[in-house]
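Since the structure comes first, as structure tokens, the remarks are kept for the end.
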2 protein chains.
Amino acid sequence: METRELRYFVAVAEELHFGRAAQRLGMAQPPLSRAVAQLERRLGAPLLTRSSRSVALTPAGEVLLAEGRAALAAVEAAERRTRRAGAADRPGVVLAVKAGASAELLAKLLDAYAAEPGAVPVEVLLCAVGEQGPALRDGRADVALLHLPFDTTAGLDTEELGTEGQVAVLPAGHALTGRTEVSLADLDDLPGLPPPRWSGPGGRPAGPGPEVRDHAQLLQLVQLGRTYTVLPESVRSQLPEGVVTVPVRDAARVTTVIAWPPHSRSRPVADLVATALRL
Amino acid sequence: METRELRYFVAVAEELHFGRAAQRLGMAQPPLSRAVAQLERRLGAPLLTRSSRSVALTPAGEVLLAEGRAALAAVEAAERRTRRAGAADRPGVVLAVKAGASAELLAKLLDAYAAEPGAVPVEVLLCAVGEQGPALRDGRADVALLHLPFDTTAGLDTEELGTEGQVAVLPAGHALTGRTEVSLADLDDLPGLPPPRWSGPGGRPAGPGPEVRDHAQLLQLVQLGRTYTVLPESVRSQLPEGVVTVPVRDAARVTTVIAWPPHSRSRPVADLVATALRL
DNA sequence: CCCGGCGATACCCGGCGGGTATCGACCTCG
DNA sequence: CGAGGTCGATACCCGCCGGGTATCGCCGGG
């Protein structure tokens with residue numbers, strides 16, 4: 001199976017429409033139809049059920065969509081990492097972090113690692129919420145800081161770096177800011193203060209709250225009195241003016257982990273992990 | 001990057017010889033040279049340093065060899081799993097186990113799962129030592145039983161099923177069989193009884209012992225008085241005539257885990273794992 | 001009942017992947 | 001030191017396949 005065929009199938013499976021998929025791929029519809037039909041012949045199994053009005057996935061198609069996405073990510077990762085390894089101005093290693101999260105830990109880690117013998121330049125890739133895993137899987141990054149239970153570590157090797165509680169982040173002056181502690185129930189349905197909605201494929205259920213992609217955006221919106229949120233305690237070190245935190249009694253504890261792709265044989269990544277564990 | 005190019009490069013990188021690689025790929029040498037050169041141009045980085053007498057990998061080449069193998073395994077996995085999902089006589093799920101290991105657990109697991117509502121047929125794939133991980137990664141299997149610390153779980157999701165000690169397995173009548181317990185040191189350099197060598201890429205250091213690929217072969221060789229070995233206690237349930245076990249005081253404890261590919265969304269795999277955890 | 005949307009089919013063309021022949025570099029050996 | 005052998009690169013050719021346009025057939029809706 002060639003990656004070209006896989007890309008074609010994935011596009012059709014995602015669009016469920018040959019015309020749109022062809023457009024997305026920058027090609028005409030007939031060769032796309034033909035390529036997919038040929039893939040089905042080669043695999044010996046129908047992947048799509050077509051009527052002249054609609055396209056749907058067969059069970060085999062569902063499998064190929066899931067597995068194919070993973071395979072394409074692996075191929076992209078190979079390509080990107082090779083390009084980086086061959087580049088003259090190689091950033092020794094790319095570290096992915098959620099924008100605005102673990103700022104203190106990150107600063108300490110970068111300092112400590114830079115002091116190591118044999119340290120290479122570290123490029124920091126600031127990601128939207130939940131993007132660090134995919135960035136690692138498709139080769140945009142070599143190592144990442146993730147936060148459980150929010151991020152998924154499936155398919156990654158990890159080491160635990162620590163856990164912390166969570167605090168509610170509210171606009172200054174809000175009624176709850178007088179409390180020494182709140183519960184999640186207290187935060188439910190605050191009048192005039194809707195919770196934010198995380199952008200991205202995770203889920204964007206329609207609702208009143210503003211859409212955000214990272215912590216920095218979120219804090220700014222809290223500052224403007226447009227939303228509230230619950231974040232790990234460590235955000236306290238970088239709150240803007242006009243926002244207040246209150247510990248949340250019953251929020252899940254957040255575990256920060258450092259993660260890397262399982263077959264990574266890179267010395268800098270190993271050093272970075274070792275350094276993080278010593279902090 | 002196309003999988004064809006990747007296959008070509010991996011073949012050359014493994015052989016370090018264009019002629020042999022071309023032969024392995026079933027093609028002539030010139031188009032292979034050209035394809036690799038073209039790949040290097042596209043990636044913008046040299047992958048190989050060639051002299052007319054030898055071929056060697058550049059750092060970028062090393063990266064692409066490692067990443068490319070993983071990517072090719074992912075593509076193969078996609079293909080194989082799709083084929084299986086589309087096959088009429090689909091074996092619902094393929095379970096990989098080291099041949100001869102965890103026999104009792106395996107029997108209980110298969111029985112218990114078969115009794116579950118919604119159980120599908122389970123095909124058991126008996127693997128050579130250390131082959132379950134690769135089988136899982138390239139789609140020959142959907143779920144596997146692994147034994148830590150021998151097998152590697154990198155890149156797999158796992159659940160622990162239990163731990164056990166290890167016993168020395170010796171030919172009946174051997175001097176040590178009278179002992180109630182031995183240590184690893186006692187087993188070192190037994191006169192006339194060399195340790196076995198595991199076949200496969202793991203390592204086959206030259207030595208006197210016979211080469212084996214799984215527990216069944218190993219037990220037979222012990223029975224014949226040609227070697228001894230140290231295995232998890234659970235092998236006791238299936239020893240042939242003429243072999244004796246003695247607990248090993250200081251051997252590492254073995255942990256049996258059930259593992260599956262991280263992006264598996266298969267219901268039967270989830271059920272199988274849940275059943276295993278209830279045992 | 002006709003129109004419009006959508007996937008499949010028919011057909012054509014150019015490029016690319018694969019082949020053979022040969023070159024050029026370099027090591028080995030007499 | 002030169003001849004032969006090994007090995008990768010180059011030159012050149014061909015057939016196929018991937019991509020294009022034109023069009024058909026099916027089917028649902030106004």
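Letters A, B, ... mirror the listed sequences (proteins, then strands); counts begin at 1.
In this entry the distance linking CG of A:Leu48 with P of C:dC6 reads 16 Å, nearest Å. Regarding A:Gln38, its CD atom lies at a distance of 11 Å from the C1' atom of D:dC16, rounded to whole Å. Between the CZ atom of B:Phe18 and the C1' atom of D:dT10 there is a distance of 14 Å, rounded to whole Å. The CG-C1' distance, from B:Leu32 to D:dA9, rounds to 12 Å in whole Å. Straight-line distance from the CD atom of B:Glu2 to the P atom of D:dC17: 16 Å, rounded to whole Å. If you measure from atom CD of A:Glu15 to atom P of C:dC6, you get 12 Å, rounded to the nearest angstrom. Here the P atom of nucleotide C:dG7 and the OH atom of A:Tyr8 are 17 Å apart, to the nearest Å. Separating the CG atom of B:Leu16 from the C1' atom of D:dC7 is a distance of 14 Å, rounded to the nearest angstrom.
Taking only side-chain atoms of A:Ser33, from C-beta outward, the nucleotide of C:dG17, D:dG19, C:dG7 with the closest atom is C:dG7. Side-chain atoms of A:Pro31 lie closest to D:dT21 of the nucleotides D:dA9, D:dT21, C:dG19. Side-chain proximity of B:Pro30 to the nucleotides D:dA11, C:dG18, D:dG19 is greatest for D:dA11. For A:Val55, the side-chain atoms get nearest to C:dG7 when compared with the rest of D:dG20, C:dG18, C:dG7. The side chain of B:His17 lies closest to D:dG8 when the candidates are D:dG8, C:dG7, D:dG20.
The phosphate of C:dA10 has neither OP1 nor OP2 within less than 4.0 Å of any side-chain N or O from A:Arg34. An OP1 or OP2 oxygen of C:dT20 is reached within less than 4.0 angstrom by no side-chain nitrogen or oxygen of B:Gln29. Put simply, B:Arg50 has a side-chain N or O that comes within less than 4.0 Å of OP1 or OP2 on D:dA9.
What you find for A:Pro46 and A:Ala60 is that their closest heavy atoms are O-CB, 3.8 Å. Listed here is the closest heavy atom pair of B:Ala85 and A:Val63: CB-CG2, 3.7 Å.
Under the Watson-Crick or G-U wobble criterion, with both distances below 3.5 Å, D:dG30 is paired with C:dC1.
Under the 4.5 Å side-chain criterion, counting only non-hydrogen atoms from C-beta, A:Leu95 is in contact with A:Leu110.
A:Arg69 is linked by a salt bridge (charged side-chain N to carboxylate O under 4.0 Å, His left out) to A:Glu14, counting only residues two or more places apart in sequence or in another chain.
Of the residues near DNA chain D, A:Ser51 and A:Ala28, the one whose nearest nucleotide (by heavy atom distance) lies more toward the 5' end is A:Ala28. Along DNA chain D, the nucleotide nearest A:Arg53 and the nucleotide nearest A:Met27 are compared for position; the residue whose nucleotide lies closer to the 5' end is A:Met27.
Applying the salt bridge (charged side-chain N to carboxylate O under 4.0 Å, His left out) test to pairs two or more places apart or on separate chains, those with a residue in residues 58-67 of chain A are A:Glu67-B:Arg81.
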